[in-house]
Amino acid sequence: MRTDRCGDLRLTDEGRSVTLCGWVSRRREHGEHLAFIDLRDRSGIVQVVVDGAQDLRAEYVLQIKGEVRQRPNETTNTSISTGEIEVEAKEVTVLSEAEPPPFPLDERTEIDEVLRLRHRYVDLRRERMQKNLTIRSKVNSAIRQAMEEQGFVEVETPMLIASTPEGARDFVVPSRKEPGSFYALPQSPQIFKQLCMVGGVDRYYQIARCLRDEDLRADRQFEFMQLDAEASFVTQEDVLAFISYAVLSAAETITGERPGEIPRMSWHEAQERFGSDKPDIRFGLELVELTDIFTSTEFRAFEAPCIKGIRVPKGSDLSRNRLDDLTEKCKQWGAKGLVWMKVEDGELNSPVSKFLTEEEKSALQETLQAEDGDLLFLVADERSMVRHVLGLLRLEMGRPPVTEGGLSFLWVVDFPLFEGVDEEGNPQPAHHPFTMPHEEDIEKLEEGDLLGVRSQAYDLVLNGWELGSGSVRIHKREIQEKIFQVLGIETEEAQEKFGFLLDAFRYGAPPHAGFAFGMDRLTAILAGEENIREVIAYPKTQSGADPLTSAPNPIDDKHLTELGLRVLPPKQ
RNA sequence: GGUCCUGUGGUGCAGCCUGGAGUGCACGCCGCCCUGUCAAGGCGGAGGUCGCGAGUUCAAAUCUCGUCAGGACCGCCA
């Protein structure tokens with residue numbers, strides 16, 4: 001139907017007879033016998049000159065047969081790629097008429113997102129979305145190529161699987177053949193990829209769809225894509241190298257420039273300096289240790305296991321209102337309170353300064369390297385709470401948009417094996433229950449110093465977003481059983497939930513390690529978007545609805561009966 | 001489960017704080033004019049349940065409460 005794409009035509013095509021297809025992007029009428037049509041397809045826009053009489057409205061779909069010619073002097077348009085030429089139409093066919101679009105398709109205004117999603121098929125015509133979908137395709141392709149180059153084999157794993165107890169809330173699919181039983185949709189192909197290792201697929205990867213029924217965010221959808229990878233006979237170092245190669249290749253494909261080697265930071269350092277396991281290292285405002293200054297303080301609020309502070313340069317002009325607002329936020333994040341101090345004329349001006357000694361105040365100024373005009377924030381509490389609250393306050397005070405300042409990758413390594421305990425007092429795995437403890441820390445496991453056990457688990461962070469995580473897995477049955485025991489998972493329960501994995505390990509399990517990272521997040525940042533919905537063709541809203549198809553919606557009783565289901569009345 | 005923000009012709013905004021007739025701006029739409037525009041231009045016109053429901057008031061887009069939808073975040077996301 002067409003010989004060329006609109007955006008591809010150049011001066012070198014002058015004189016050619018071409019056939020183009022596309023949408024009417026804009027028309028400019030100059031009376032009865034001259035009109036300009038900007039014809040748009042995926043490749044771009046070209047100006048078509050038509051005899052003015054025809055009724056060609058916005059978004060009509062046209063086929064144009066005509067001749068490429070150089071534009072007359074002084075009429076070239078330097079802002080588009082085809083600006084030196086135009087197509088003189090000899091024949092215009094209306095392939096489809098169109099109602100006026102529900103919103104303008106140019107990029108000048110930000111349109112309400114529900115409206116865009118309801119008419120996504122129109123929204124996708126916009127340059128921004130065409131660009132983002134193209135970038136997504138290129139990122140996928142670059143990742144696949146990088147993994148293939150490194151000898152990985154793509155293996156597809158099932159979508160209808162058994163529910164496993166750990167982790168996020170499962171999406172669930174009722175079984176028709178076995179009423180009352182359910183499949184789960186995979187939160188990740190975790191167990192299947194480990195089985196692939198036992199199966200001798202020593203380098204597995206997959207761009208896998210994953211589903212988790214948790215609340216949505218700017219960087220989280222119910223369903224999302226991960227590069228999932230696993231390799232046998234490798235160490236943590238090998239995995240970091242494989243994954244670094246893949247993400248750096250993807251970045252290079254999109255930006256044209258290969259970022260340098262990805263720096264590393266221990267989980268402990270990340271927590272101490274940034275109050276986060278996914279530190280955004282693009283800006284300062286680091287957490288400073290102040291506990292020792294107040295070991296014998298008279299100020300009761302500072303009689304705490306840990307005190308840390310952050311210095312906001314030139315922050316002393318913050319209004320009392322804003323400071324109260326920040327204090328309130330810190331309380332909602334779990335702190336007992338927030339102490340602020342303004343540095344003015346060498347003095348610390350604060351509601352609490354009268355409770356502090358001169359020694360404490362000068363030590364504070366010195367440690368924080370405070371200067372006139374600065375604002376200091378202090379939080380005192382349990383160490384994990386101080387890190388958590390100041391980490392969030394730091395982001396609140398200084399975090400740039402996720403797309404700003406280039407690509408700041410970071411490996412966070414040496415995660416703890418466990419974090420905290422659940423309601424029943426059982427320790428919780430920080431990563432997942434198949435994570436291999438640090439060789440040096442296996443003794444601590446025996447001694448019961450559980451929170452001190454480091455694991456061979458690692459995260460990849462980009463501009464403060466957690467891209468993904470991975471670990472060296474346990475391949476020895478004894479260690480796995482020990483971990484289950486520590487986690488409070490009974491042998492029977494373990495056998496029931498993960499029996500097939502444990503069984504598999506009887507038949508010759510190679511040492512293996514892996515990783516998985518979010519393709520949507522990587523793509524969004526590479527595309528310069530702050531929200532992954534912008535790089536997903538058909539995303540859901542924050543409440544999990546699809547304005548285009550109205551999903552989720554009720555199904556009829558007949559359908560329910562067939563599945564052996566009955567719906568409870570809505571809660572009051 | 002929680003905090004905050006938004007909702008006004010088809011679209012994007014202003015108006016709200018400090019209540020007084022659906023008032024304004026830009027784009028789009030419809031009609032007419034226009035032979036070199038490119039966000040074309042000129043003239044004219046149509047288009048509104050101010051998300052929805054209560055309340056306060058002589059009077060509510062505006063104040064209060066509730067509710068719905070959307071968004072950002074906390075919790076949650078092995």
Side-chain angles (χ1 to χ4, degrees), chain A residues 25-39 45-52 57-59 71-80 82-83 86 88 99-119 122 164-170 187-188 190-191 210-222 224 278 325 328-335 388-389 391-392 395-396 399 415 417-420 422 427-435 455 457 466 469-471 483 487 489 516 518 530-531 533 540-545 547:
Chain A
S25 184
R26 200 161 256 119
R27 71 195 161 117
R28 295 175 291 280
E29 282 189 278
H30 287 260
E32 211 175 337
H33 289 295
L34 179 67
F36 300 101
I37 300 289
D38 287 342
L39 194 68
I45 280 175
V46 70
Q47 173 166 289
V48 178
V49 186
V50 297
D51 193 1
R57 303 298 169 116
E59 301 308 314
R71 291 196 186 188
N73 286 340
E74 311 293 319
T75 63
T76 59
N77 181 351
T78 52
S79 61
I80 58 174
T82 59
E86 61 192 7
E88 185 183 12
E99 291 178 18
F103 50 85
L105 298 198
D106 60 50
E107 303 294 336
R108 282 181 294 161
T109 48
E110 199 73 21
I111 308 297
D112 177 63
E113 210 181 337
V114 190
L115 193 65
R116 291 175 57 201
L117 292 182
R118 188 172 299 138
H119 302 277
V122 173
T164 50
E166 303 292 326
R169 195 177 294 117
D170 282 324
Q187 296 176 24
S188 78
Q190 181 62 36
I191 292 179
C210 304
L211 300 105
R212 294 177 191 174
D213 188 4
E214 299 290 351
D215 289 355
L216 291 76
R217 287 279 202 288
D219 61 352
R220 277 161 38 185
Q221 286 269 303
F222 281 154
F224 57 99
K278 46 178 180 178
D325 173 52
E328 189 51 40
K329 280 200 159 99
C330 287
K331 285 181 179 169
Q332 278 168 12
W333 293 331
H388 171 69
V389 171
L392 289 173
L395 295 178
E396 172 81 21
R399 184 173 190 190
F415 270 64
L417 192 59
F418 306 105
E419 54 177 12
D422 66 10
Q428 291 298 291
H431 184 52
H432 59 54
F434 317 116
T435 306
S455 68
E466 183 192 321
S469 56
S471 62
I483 295 291
L487 290 172
I489 300 174
E530 292 173 31
N531 193 304
R533 291 190 298 271
K540 301 206 172 20
T541 65
Q542 199 165 66
S543 62

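Every value quoted in this text rests on a predicted model; they were computed, and no experiment measured them. Numbers restart at 1 for each chain; the letters A, B, ... are given by sequence-line order, proteins then strands.
As a whole-Å value, the separation of A:Glu328 CD from B:U3 P is 11 Å. A:Glu74 places its CD atom 15 Å from the C1' atom of B:C38, with the value rounded to the nearest Å.
Each of A:Arg169 and A:Ala218 has a nearest nucleotide on RNA chain B; the 5'-most of these lies closest to A:Ala218. Of the two residues contacting RNA chain B, namely A:Arg28 and A:Asp219, the nearest-nucleotide position lying further toward the 5' end is that of A:Arg28.
Atom P of B:G9 sits at a distance of 26 Å from the matching atom of B:C4, rounded to the whole Å.
OP1 or OP2 of B:U37 has not a single side-chain nitrogen or oxygen of A:Thr75 nearer than 4.0 Å. In terms of phosphate contacts, A:Ser543 brings a side-chain nitrogen or oxygen within less than 4.0 Å of OP1 or OP2 of B:G70. A close approach under 4.0 Å does occur between a side-chain nitrogen or oxygen of A:Arg217 and OP1 or OP2 of B:C74. Of the side-chain N and O atoms in A:Asn77, none sit less than 4.0 angstrom from OP1 or OP2 of B:G36.
Using a 4.0 Å heavy-atom distance criterion, A:Asp106 is classed as making no nucleic acid contact.
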- Report, as a single string ordered 5' to 3', how protein heavy atoms within less than 4.0 Å touch nucleotides 29-34 of chain B: B base, S sugar-phosphate only, - not at all. -SS--B
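Under the Watson-Crick or G-U wobble criterion, with both distances below 3.5 Å, B:C4 is paired with B:G71.
In this structure, A:Phe103 forms no aromatic stack with the base of B:U11, since the conditions of centre separation below 5.5 Å and plane angle below 30° are not both met.
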Check nucleotides 12-14 of chain B against the protein and report each pair of N or O atoms closer than 3.5 Å, with its distance, or say if there are none.
residue, atom, partner, partner atom, Å
B:G12, OP1, A:Asp112, N, 2.9

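Comparing atom distances between the A:Gln542 side chain and each of B:G71, B:C38, B:G70 picks out B:G71 as nearest.
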